[in-house]
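Data first, discussion second: the structure below is written as structure tokens.
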Amino acid sequence: MATTDKNLASGPGWQVCDVICTARAGDRPFEEQHRSFCVAAVTRGAFRYRTREGTAMLAPGAILLGNPGACYECGHEHGAGDRCLSFHFAPAYMERIAAGVPGARKLDFETPRLPPMPALAPLLAQAEAARETGDAGAFEDLGLNIAGAVVAAAASSPRVAPAPSRRDQKRVAEAVRLIELNADRPLSVTELADGTATSPYHFLRTFRHVAGMTPYQFLLRTRLHRAAVRLRASNEAISTIAFDAGFNDLSTFNRRFRREMGEAPGAYRARAGRLG
């Protein structure tokens, strides 16, 4: 088995795990079964996820959805490994969450994934920071908030569109790896497309289909997410974090951070300190 699960925190009816997969291209896809409701945030890598609700490529920021008893298969024919923050909820626990969400008429998820959502960005950054700092006490509140937001989004989300071709999936997975490795430097659509041997226009459309956003939006989100995790997990100067993340000036970082996370970096760090 190429997957390791580390329990980060748990309570009556819920659990959160750090799931690391080291499967590589050429390894056979593996099939498993969800024992409970699963809401897993992809934090690194890209992989193909297939379940009875459909097939989707998942990249960082996307949310994997799983229903109790559903068999699923994950494949890495387009790249090596991934890492997820995987929240698991017992049916009775999830039913209580769904009861408080307007529009959530059916408990089961009808789509295999949700694309990256701005409303979840601050919560996912908090969850990843809690994972990095070992703050187990933060996960119950985070799990409830993430599950509520996901149930609300899934209730109004259309079924996932047909998956792109395997060749296009491979191209996007390669581009995701390139962005993850080089997020601190400028990356153009042309450079990313050249790296996948396709035209910029076709690459742009395919990337948006798979990742749920454009390559530039994905690059910015990657930078801002990493900065948010460091703001919560360290005492480094905000300017240092901004420049290391790939922003050339502090004002641009502050403006984009506020847009993505809903508050300025200093306020975000201060609130994290108060909550801690």
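Side chains included, hydrogens not; waters and symmetry mates left out as well; all remaining heavy atoms used. As the structure is a computational prediction, the values presented were derived from the model and not from experiment.
Checked for salt-bridge contact, Arg230 and Asp244 meet the test: a charged N lies under 4.0 Å from a carboxylate O. Between Glu53 and Arg113 there is no salt bridge, since none of the side-chain N atoms of the basic residue sits less than 4.0 Å from a carboxylate O of the acidic one. In summary, Glu128 and Arg131 engage in a salt bridge, as defined by a charged side-chain N under 4.0 Å from a carboxylate O.
Rounding to the nearest 0.5 Å gives a distance of 6.0 Å between CD of Gln15 and NE2 of His88.
Note on residues 139-153: no pairs pass side chain to side chain donor-acceptor pair (under 3.5 Å), not counting sequence neighbours.
Tyr72 and Tyr49 have tilted rings, their planes meeting at an angle from 30° to 60° on a 0 to 90° scale. Between Phe207 and Phe218, the ring planes lie perpendicular to each other; the angle is over 60°, past the 30° to 60° tilted range.
Residues Asp135 and Thr133 bring no donor and acceptor atom of their side chains to less than 3.5 Å of each other.
A donor-acceptor pair under 3.5 Å is formed between the side chain of Glu180 and the backbone N or O of Gly45.
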Run the side-chain contact (heavy atoms from CB on, under 4.5 Å) check on Leu250 and Ile238 step by step: do they pass?
CA-CA 8 Å; Leu250 193 57; Ile238 293 175; 4.1 Å; yes

Please assess Leu220 against Phe247 for the test side-chain contact (heavy atoms from CB on, under 4.5 Å), listing each intermediate value before the final yes or no.
CA-CA 9 Å; Leu220 284 178; Phe247 293 92; 4.1 Å; yes

Which donor-acceptor pairs under 3.5 Å do the side chains of residues 93-103 make with protein atoms, sequence neighbours left out?
none

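Hydrophobic clustering of Ile, Leu, Val, Met, Phe, Trp and Tyr side chains at less than 4.5 Å, counting indirect connections, unites Leu144 with Leu8.
Atom CG of Asn7 sits in a crowded spot, with more than 12 heavy atoms from other residues, nucleotides or ligands closer than 6.0 Å.
Residues satisfying the ring pair (Phe, Tyr, Trp, His ring centres under 6.0 Å) test with Phe87, not counting sequence neighbours, are none.
Thr55 and Arg48 make their closest contact through CG2-CG, 3.9 Å (heavy atoms, listed as atom of the first residue, atom of the second, distance).
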